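Note sheet for the following structure.
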Amino acid sequence: MHLGVPDKESSFIREQKLVRWLENAVDNGADAIFLVGDIFDFWFEYKHVVPRGYVRLLGALAKISDKKIPIHYFTGNHDMWMFGYLEQEVGVTIHREPTEFNFDGKKLFVGHGDGLGPGDNGFKFLKRVFSSSLMQWCFARLHPNFAFSVAKFWSYKSREANTDSSTFDPKNEWLYQFCLEKLQKNHYDFFVFGHRHLPINHPLPESSTYINLGDWITQFNYAIFENGKMNLHKWEK
């Protein structure tokens, strides 16, 4: 989603679209909902301050949580600085690393996807830096007005430097290569990631499948897992 960009007006339209999708999922009997990161283009929680806005989305998530429907939120490279607010106030479960799930006799490996697979060593180094408690403590010392201005600049540079191609090439797909390596140690029926901004549904060896959810900036794709099968769909064609 990268809520907050490119401007307030278009971000608000996408937020409303996501709320309608969430409401539709609940109306159609969702047993659990997974949000796999970068829902916000930037997120940082001070001890007594959280980012302004997004009240419709947060309210919708809280309402779903109150219905005892599990919401699994995987932090991405743009919203990794979550320190308890969504868990305590909204009721979601935060995942900071890819996680295994078992549904209908199928084994799923789910995560945002950043920093996995070969290559991208520069980003992997920066992720370790930004994940450090010292870095987070230093950033929290900055006034929010200044801190958020700096963060938005870096966020823009990150998106600019990591613009995804519009084609899928297994040999050059880092997440696909990660799946192949992972399958050598354990079997998973589905690997599910975001990060890539390209909807992908591609077979893997051993009857496994690599699913990438694409984005909710221009494409609005999502996946449904039901009766042991997973398929990509497009919201509000």
Side-chain angles (χ1 to χ4, degrees), residues 1-5 11 14-15 17-19 21-22 24-26 30-43 54 57-58 60-61 64-65 69-82 86-87 90-103 106-117 120 123-124 127 130-131 155 158-159 162 164 168 173-176 178-179 182 188-202 204 208-226 229-235:
M1 287 290 288
H2 289 272
L3 287 176
V5 296
S11 175
R14 288 186 287 117
E15 181 183 0
K17 189 186 289 279
L18 180 58
V19 169
W21 176 80
L22 289 167
N24 180 77
V26 173
D31 294 312
I33 292 173
F34 289 74
L35 304 174
V36 297
D38 286 357
I39 302 301
F40 307 101
D41 193 61
F42 172 69
W43 184 275
Y54 320 123
L57 172 59
L58 297 177
L61 292 174
I64 294 170
S65 178
I69 299 174
I71 303 171
H72 297 274
Y73 191 115
F74 291 79
T75 57
N77 49 302
H78 282 255
D79 51 12
M80 67 172 66
W81 286 346
M82 292 186 171
L86 266 69
E87 292 170 296
V90 181
V92 307
T93 299
I94 298 293
H95 301 273
R96 301 189 182 278
E97 299 292 339
T99 306
E100 298 178 9
F101 296 88
N102 290 278
F103 298 112
K106 301 294 184 179
K107 194 173 181 181
L108 283 66
F109 189 87
V110 185
H112 179 63
D114 58 315
L116 300 181
D120 210 4
F123 168 74
K124 291 176 181 177
K127 184 177 181 180
F130 290 142
S131 298
S155 178
S158 174
R159 290 193 313 278
N162 292 284
D164 294 297
F168 170 68
E173 182 76 21
W174 292 340
L175 285 173
Y176 184 81
F178 170 83
C179 296
K182 197 74 175 175
Y188 298 95
D189 296 284
F190 297 97
F191 292 85
V192 186
F193 299 113
H195 187 57
R196 182 70 170 82
H197 290 217
L198 181 68
I200 300 169
N201 186 338
H202 195 80
L204 288 158
S208 183
T209 303
Y210 163 43
I211 300 283
N212 197 290
L213 302 175
D215 71 34
W216 270 57
I217 299 174
T218 60
Q219 302 179 86
F220 307 99
N221 297 103
Y222 65 99
I224 294 179
F225 179 80
E226 189 173 26
K229 298 180 180 179
M230 181 174 291
N231 293 294
L232 283 174
H233 302 267
K234 193 176 184 68
W235 179 244

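Treat the numbers as computed from the prediction; the structure is a model and nothing was measured.
The CG atom of Asp215 lies 7.5 Å from the CG atom of Asn221; values are rounded to the nearest 0.5 Å.
Side chain of Asp38 to main chain of Asn77: a donor-acceptor pair is present (N/O by atom type, distance under 3.5 Å, no hydrogens or angles). Between the side chain of Glu173 and the backbone N or O of Phe168, no donor-acceptor pair lies under 3.5 Å.
By the 6.0 Å and 45° rule, Lys182 does not stack over the aromatic ring of Phe191.
Of all heavy-atom pairs spanning Val90 and Leu58, the tightest one is CG1-O, 3.9 Å.
Counting non-hydrogen atoms of neighbouring residues, nucleotides and ligands closer than 6.0 angstrom, the CG atom of Asn102 exceeds 12 such neighbours. By the neighbour-count criterion of 12 heavy atoms within 6.0 Å, atom NZ of Lys107 is densely surrounded, having more than that number from other residues, nucleotides or ligands.
Relative ring orientation between Phe109 and Phe178 is described as tilted, the plane-to-plane angle lying within the 30° to 60° band. Ring geometry for Phe34 versus His72: interplanar angle under 30°, hence parallel rather than tilted (30 to 60°). Phe40 and Trp43 have tilted rings, their planes meeting at an angle from 30° to 60° on a 0 to 90° scale. In this pair, Tyr210 and Tyr176 present their aromatic rings tilted. The plane angle is within the 30 to 60° band.
Checked against a 6.0 Å centroid threshold, the rings of Phe74 and His95 count as neighbours.
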